[in-house]
Visitor: 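Right, I'll just put the structure down here and ask away after.
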Amino acid sequence: MAEAASLSPETVMRQMKQNGVTDIVWLPDSETNWLFLLMKADPDLRLVGVTREGHGCSIAAGLYAGGRKPMMLIQNTGMLESGDSIRGWLMGLNVPIVLMVGYRGYTRHGVNTDTAATYTERFLMAFNISFYLVENDGDSDRITTAFQEAERTRKPVVVLVGDEYHGFNR
Amino acid sequence: MMHTADLLKVFAQHRGDAIVISGRGGRHWTEISDGVTDIPLGDPAMGGHAGFGLGLALAQPNKRVVLFDSEGDILMSLGQLPTIAEQAPANFYHFILDNEVYATTGGQPVPNSKNIDYAGIARSSGYPRAFNFAELDDFSRELPGILRAPGPVFVALKVFPEVENTPIGQRVRWRKRSADKVVQDLRGALGAG
């Protein structure tokens, strides 16, 4: 069976719903507008927009403490900025959460010209955060795997969206 | 200026069943109350308490959530204020303890600390109500009305610094529960754990 060529926003939405996500804490990047429109149209999903990605970690922790199931949607640049907040508010409080992280600069073959991509996986390994790469609709069950792992370990788990430049948008 | 312990005693008389995130007032608040709806987290990562308070208030819209934040935290994350104002949780009461210094690191001054209008910043960010108080009498008089009206409300309180110069490793721990335990206790009490 031929692999789907891209990761559609509908697939991401389906994964969110399937895994019981109640709140999306997010900061837009250039590739997520169609997903934003889908999320905005869903009356059961609350969107909490932040002005800097690190702020999202404590908001998500508060939502979790109050019994909700938040998810974070940010770009790798913002994840790099958020290091101390991920450490303190998510890892420190044992918040089981999935962060979907746009993998800016990802090229699949590893030869890239964007340092955001260069440091993304190194950052995650330094923090000992599990991560899964999703490039197209055929990979989308890895998102569920990430949710399951987050619940089991009570830790943040990252889904890297390696489709930033060809298809996550339309 | 006020003593943090004094203003917390005043607040305690009006707390009702509110969830209290004690933030920078945690050491004093724990002596007043340390039940499952008291949330002494210490300092998971500076600048994040406002976000935690917002998240909790959104998750529990039928319970009042009270946060004792600080000016140092707020200045580190000013961008959280528009997010709080946009979400506008009517159950969120956001106090800051403004001692004008970084007390836990030895009392170094917060930049331009004597000239910042924190209530003005909150109001400009979209909080519908914001107040500054420097005297305990004024705070005591206005507090019941502040807590009776809907949030989000922002209240900046000038407090005397309680500077710590003891090396961190030698400080006496005032928290009786780990931050993780505090969160799990709350989730259990809310039926979410």
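These numbers come from the heavy atoms of this one structure, side chains and all, not from hydrogens, waters or symmetry mates.
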Visitor: Does B:Y127 share a hydrophobic cluster with B:L147, counting links as ILVMFWY side-chain heavy atoms below 4.5 Å and allowing steps through other members?
Guide: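 Hydrophobic grouping puts B:Y127 apart from B:L147.
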Visitor: Taking the side chain as every heavy atom from C-beta outward, state whether B:L56 and A:L63 have any atom pair closer than 4.5 Å.
Guide: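 Sidechains of A:L63 and B:L56: no contact.
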Visitor: Which heavy atom of B:A59 sits nearest a heavy atom of A:G62, and at what distance?
Guide: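 Minimum heavy-atom contact is CB-O, 4.5 Å.
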Visitor: Short question: side chain of A:W89, backbone of B:P44 - any donor-acceptor pair under 3.5 Å?
Guide: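 Absent.
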Visitor: Determine whether B:F52 and B:V182 fall in the same hydrophobic cluster, where Ile, Leu, Val, Met, Phe, Trp and Tyr are linked whenever their side-chain heavy atoms lie under 4.5 Å apart.
Guide: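 Per the 4.5 Å side-chain linkage, B:F52 and B:V182 are co-clustered.
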Visitor: Name the region of A:I86, side chain, backbone, both or neither, that has any atom closer than 4.5 Å to a heavy atom of chain B.
Guide: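 Neither part.
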Visitor: Are A:D23 and B:L58 close enough, and set up right, to give a side chain to side chain contact (heavy atoms under 4.5 Å, CB included), and what steps lead you there?
Guide: CA-CA 10 Å; A:D23 305 77; B:L58 291 175; 5.5 Å; no
Visitor: Based on non-hydrogen pairs under 4.5 Å, which of A:S85, A:G88, A:G92, A:S58 is most in contact with chain B?
Guide: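 Looking at each option in turn, the highest pair count goes to A:S58.
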Visitor: Report the option among B:A57, B:G51, B:G47 that has the most heavy-atom pairs separated by less than 4.5 Å from atoms of chain A.
Guide: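 Looking at each of B:A57, B:G51, B:G47 in turn, B:G51 comes out on top.
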Visitor: If you count every heavy atom of other residues, nucleotides or ligands that lies below 6.0 Å from B:N112 atom CG, does the total exceed 12?
Guide: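 Yes, the 6.0 Å shell around CG holds more than 12 heavy atoms from other groups.
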Visitor: Has A:K17 got more than 12 heavy atoms of other residues, nucleotides or ligands less than 6.0 Å from its NZ?
Guide: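 More than 12 heavy atoms, drawn from other residues, nucleotides or ligands, come within 6.0 Å of this atom.
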Visitor: Counting heavy-atom pairs under 4.5 Å with chain B, which one of A:T22, A:D84, A:V95, A:V25 comes out on top?
Guide: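 Heavy-atom pair counts peak at A:D84.
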Visitor: I'd like to know if B:V36 and B:W29 are part of one continuous hydrophobic network [Ile/Leu/Val/Met/Phe/Trp/Tyr, side-chain heavy atoms within less than 4.5 Å].
Guide: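 Shared cluster, no.
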Visitor: Would B:Y102 end up clustered with B:V163 when hydrophobic side chains under 4.5 Å apart are linked, directly or stepwise?
Guide: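 Per the 4.5 Å side-chain linkage, B:Y102 and B:V163 are not co-clustered.
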Visitor: Determine whether B:L97 and B:I146 fall in the same hydrophobic cluster, where Ile, Leu, Val, Met, Phe, Trp and Tyr are linked whenever their side-chain heavy atoms lie under 4.5 Å apart.
Guide: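 Yes; tracing contacts between hydrophobic side chains, which count when under 4.5 Å, links both residues.
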Visitor: Please determine, among A:R46, A:R68, A:R87, A:R52, the option with the most heavy-atom pairs under 4.5 Å with chain B.
Guide: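 Of A:R46, A:R68, A:R87, A:R52, A:R46 has the most heavy-atom pairs under 4.5 Å with chain B.
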Visitor: Report the option among B:G191, B:S77, B:S178 that has the most heavy-atom pairs separated by less than 4.5 Å from atoms of chain A.
Guide: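 Ranked by heavy-atom pairs under 4.5 Å with chain A, first place is B:S77.
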Visitor: Once you round to the nearest 0.5 Å, how far does CG of B:L78 lie from OG1 of A:T51?
Guide: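 Those atoms lie 9.0 Å apart.
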Visitor: If we define contacts as heavy-atom pairs under 4.5 Å, which of B:R187, B:Q80, B:K181, B:Q184 has the most with chain A?
Guide: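 With the most close heavy-atom pairs to chain A, the winner is B:R187.
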Visitor: Measure the spacing between CG of A:N94 and CG of B:D180 and express it to the nearest 0.5 Å.
Guide: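 That separation rounds to 4.0 Å.
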Visitor: Picking from B:Q87, B:K63, B:E86, which has the most non-hydrogen pairs under 4.5 angstrom with chain A?
Guide: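 Highest number of heavy-atom pairs under 4.5 Å: B:Q87.
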